Peer 1: 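Sharing a structure below in structure tokens format, with a few things to ask.
All residue numbers refer to positions in the sequence shown, counting from 1. This one's a predicted model, so the numbers in the text were calculated from it and none came from an experiment. Just so you know, these numbers use all the heavy atoms, side chains as well, and skip hydrogens, waters and symmetry mates.
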Amino acid sequence: MKRWLLGPPGWSMPVCEIDLCVGGALRFEWADDDGRSMGLTSVFREIAPNGRTVTTGKFDEDWTDGETLVTQSLNEVDGGTTLRTHILYASQPPPYGAKMSGMTDGMEAGYTHLDAILAEMAA
């Protein structure tokens, strides 16, 4: 996860701790070359054998206006795997705030890293 969730160029993930069980926590901390940092703590609420996880989480600097509910699922589609992520925010304004924070760029960079890692593993 440290290889693919590290975000856009100039960012790293010095902390990646995961206790993968219901009630277990995960802690991610990112840092960029300019000295900025960002941290997230989440708790696993559901872990299903079919590739579905549900977590609640909150960023250290709470720009999302409260705890988020994140549901992720992996599904086989036409011989490949699709990852779907649904984020439910505590109130209406935060998704705009998330977009303005650069979160979409960071997530897109992460998926690009993941594509490269999976291609490397398949080779």
Peer 1: Rounded to the nearest 0.5 Å, what separates atom CD in E61 from atom OG in S37?
Peer 2: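 E61 CD to S37 OG: 7.0 Å, rounded to 0.5 Å.
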
Peer 1: Once rounded to the nearest 0.5 Å, what's the spacing between atom NZ of K2 and atom CE of M13?
Peer 2: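 With rounding to 0.5 Å, NZ (K2) is 8.0 Å from CE (M13).
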
Peer 1: Hydrogens and angles aside, do Q72 and T85 bring a side-chain donor and acceptor to less than 3.5 Å of each other?
Peer 2: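 There is such a pair between these side chains.
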
Peer 1: At their closest point, which heavy atom of T55 faces which heavy atom of S42, and how far apart are they?
Peer 2: CB-CB, 4.2 Å

Peer 1: Quick check: does any side chain N or O of D32 sit under 3.5 Å from a backbone N or O of D34, one acting as donor and the other as acceptor?
Peer 2: yes

Peer 1: Looking just at side-chain N and O atoms, do S73 and R84 make a donor-acceptor pair shorter than 3.5 Å?
Peer 2: no

Peer 1: Would you say L69 and I87 make side-chain contact, with heavy atoms under 4.5 Å?
Peer 2: no

Peer 1: Please tell me if the side chains of W11 and D33 come closer than 4.5 Å, counting only heavy atoms from C-beta onward.
Peer 2: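 W11 vs D33: side chains apart.
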
Peer 1: Quick one: pull up CG in L74 and OG1 in T82 and give me the separation to the nearest 0.5 Å.
Peer 2: 9.0 Å

Peer 1: With no hydrogens and no angle check, is any side-chain donor or acceptor of W30 less than 3.5 Å from a backbone partner on L5?
Peer 2: yes

Peer 1: Check whether F44 and V54 end up in the same hydrophobic cluster, where Ile, Leu, Val, Met, Phe, Trp and Tyr are linked by side-chain heavy atoms less than 4.5 Å apart.
Peer 2: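 They do not share one cluster, since no chain of ILVMFWY contacts under 4.5 Å joins F44 to V54.
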
Peer 1: Can you name the one residue among I18, V15, L6 that meets side-chain contact (heavy atoms from CB on, under 4.5 Å) with F28?
Peer 2: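 Only one option passes, and that is I18.
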
Peer 1: Check whether any side-chain heavy atom of T41 lies under 4.5 Å from a side-chain heavy atom of L26, and answer yes or no.
Peer 2: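 With C-beta onward as the side chain, the pair stays apart.
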
Peer 1: Got V22 and R45 here, is their nearest side-chain heavy-atom distance under 4.5 Å?
Peer 2: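 No, too far: nothing below the 4.5 Å cut-off.
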
Peer 1: Under 3.5 Å, is there a donor-acceptor pair between the side chain of T68 and the main chain of G57?
Peer 2: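 Yes, the answer is positive, given that a donor and an acceptor are paired below the 3.5 Å cut-off.
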
Peer 1: Using the rule that Ile, Leu, Val, Met, Phe, Trp and Tyr join whenever any side-chain heavy atoms are under 4.5 Å apart, tell me whether V70 and Y111 fall into a single cluster.
Peer 2: yes

Peer 1: Counting only heavy atoms from other residues, nucleotides and ligands, does the tally under 6.0 Å from CD of E46 exceed 12?
Peer 2: yes

Peer 1: Hey, what do you get for NE2 (H113) to CD (E108), rounding to the nearest 0.5 Å?
Peer 2: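 The CD atom of E108 is 10.5 Å from NE2 of H113, to the nearest 0.5 Å.
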
Peer 1: Compare every heavy atom of A90 with every heavy atom of G66, then report the nearest pair and how far apart it is.
Peer 2: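 It is CA-CB, 4.1 Å.
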
Peer 1: Would you say CZ of R27 has more than 12 non-hydrogen atoms from neighbouring residues, nucleotides or ligands within 6.0 angstrom?
Peer 2: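 Yes, CZ of R27 has more than 12 neighbouring heavy atoms, counting only those of other groups under 6.0 Å.
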
Peer 1: Quick check on the hydrophobic clustering: are L20 and M1 connected, directly or via other members, by side-chain heavy-atom contacts under 4.5 Å?
Peer 2: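 The answer is yes; both residues are in one hydrophobic cluster.
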
Peer 1: Charged N to carboxylate O under 4.0 angstrom, E120 versus R3?
Peer 2: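 A salt bridge is present here (some side-chain N lies under 4.0 Å from a carboxylate O).
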
Peer 1: Consider only side-chain heavy atoms of I, L, V, M, F, W and Y, link residues closer than 4.5 Å, and tell whether V77 and L114 are in one cluster.
Peer 2: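 Different clusters: V77 never reaches L114 through Ile, Leu, Val, Met, Phe, Trp or Tyr contacts under 4.5 Å.
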
Peer 1: With rounding to the nearest 0.5 Å, note down the distance linking CG in N75 to CG in N50.
Peer 2: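 One finds 8.0 Å between CG of N75 and CG of N50.
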
